Protein chains: 2
Amino acid sequence: MENNSIFIEKLRSSGLRPTKQRLEICKLLFDRKKTFHFTIGDLSKILKKETNKKISLATIYNTVHSFKKKGYLKEISINRDKSYFDTNTSNHHHFLDIDTNELIDLKKEDVDKIKIRKNLPGKKIQSIEVLVKVENNN
Amino acid sequence: MENNSIFIEKLRSSGLRPTKQRLEICKLLFDRKKTFHFTIGDLSKILKKETNKKISLATIYNTVHSFKKKGYLKEISINRDKSYFDTNTSNHHHFLDIDTNELIDLKKEDVDKIKIRKNLPGKKIQSIEVLVKVENNN
DNA sequence: ACACTACTTTAGAATCATTATAAATTAGAA
DNA sequence: TTCTAATTTATAATGATTCTAAAGTAGTGT
């Protein structure tokens, strides 16, 4: 039904069998237009509310990490308290509102290309992440 | 003796009484020429080795956090596992070697000034942090 | 030097996110 | 349908960090 086939393909290509729990997670993560920033805790709460069943944390962790490994989700390190994930896997940066702990995408064109003038012998750059912390203006 | 007076001043200005435990921590953190990146766990181990006494974790956390609040240490969020601190409190960015988990300073001149072309109404920028992840080149 | 009070230290308990475990359930191939 | 390996789940384990409450110490005022 509907675009489940897309989700099934996403799961299969991540090495996961499509199960109803995982399809619920897919629906929640990938059936949306805007970027979605979330923690595992967020996801768990929303899933419980939307489906009226509880999907165990272990399943959610497992699924999210498989998607991350496959590249369907990006992990964003902000603080030690929680790990954030981002459904926008393109190259982009973030604002972090330190008053609300909200993450906001910066589009590619919002930040000039970063040039690093130093390199480490034997090492290559894997990613460049910019985090712009913002606070109330008063 | 020696430059303890500097440490005492650092402690006092951070709202802390100088105690022998805190002075040991100061010596370890601030009596060095190069930047020092560490976790609380690192610090604890080194302190035990250097002083042959154990300073309790609670004391180390308390002291490090007071220094951070005062601005004598910077906290760097890399992943949820551990929190890193940096004795270099100037404006600078970091390499993270994902093979070894080592942090390496980027000097100010190693990265072009970052210009953010978007602003959020009612918010002002508090900091801009760049993390360049590097990996083995093979 | 002494006493007193507030600040510190400490070990251990509590917390919280995340990971591991092991038994019951389910997907999918034969 | 049957069978086996993958999955789900509740719960336990882990590990970093924070809390607690009792014992120790700094430093002011005397």
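We name chains A, B, ... by the order of the sequence lines, and we start the count at 1 in each one. Just so we're clear, the structure is a prediction, and the values are computed from it rather than from any experiment.
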Nearest listed nucleotide, side chain of A/L57, among C/dA11, C/dT18, C/dC7: C/dT18

Sugar-phosphate only, base, or nothing, as touched by B/S83 at under 4.0 Å among non-hydrogen atoms: sugar-phosphate

Test: A/K133 and B/E129 ion pair at under 4.0 Å: yes

Rounded distance in Å - CD1 (B/I60) to P (C/dT8): 16 Å

Heavy-atom contact window of chain A on DNA chain D, given 5' to 3' at under 4.0 Å: D/dA6 to D/dA10

Value rounded to 0.5 Å, distance of CG in B/L28 from CD1 in B/I46: 5.5 Å

From B/E135 atom CD to B/D99 atom CG, the distance as rounded to the nearest 0.5 Å: 6.5 Å

Selection from C/dA11, C/dT9, C/dC7 that lies nearest to any side-chain heavy atom of B/K54: C/dA11

Proximal nucleotide (of C/dT19, C/dT9, C/dT18) relative to the A/H65 side chain: C/dT19

Phosphate-side-chain proximity, A/R12 and C/dG28, N/O vs OP1/OP2 below 4.0 Å: yes

Basic-acidic side-chain contact under 4.0 Å: A/D42, A/K82: no

d(CG, A/N4; P, C/dA27) in whole Å: 14 Å

Side-chain N or O of B/R17 closer than 4.0 Å to phosphate OP1/OP2 of C/dT9: no

Under-4.0 Å salt bridge between A/D105 and A/K34: no

Which nucleotide in C/dA27, C/dA20, C/dT18 has an atom nearest any side-chain atom of A/I40: C/dT18

From A/F67 atom CZ to A/I25 atom CD1, the distance as rounded to the nearest 0.5 Å: 7.5 Å

Whole-Å distance separating the CG atom of B/L16 from the C1' atom of C/dC7: 10 Å

Closest-nucleotide 5' rank along DNA chain D - winner of B/T39 and A/P18: A/P18

Sugar-phosphate only, base, or nothing, as touched by A/T19 at under 4.0 Å among non-hydrogen atoms: sugar-phosphate

Whole angstrom value for the distance that separates P of C/dT10 from CG of B/N62: 11 Å

Rounded distance in Å - CG (A/D42) to P (C/dC16): 16 Å

A/Y61, nearest nucleotide to its side chain (from C/dA11, C/dC7, C/dA17): C/dA17

Nucleotide C/dC7, atom P - distance to CD of B/Q21 in whole Å: 17 Å

A/D112: which of B/K118, B/K115, B/R117 passes salt bridge (Lys or Arg N to Asp or Glu O under 4.0 Å): B/R117

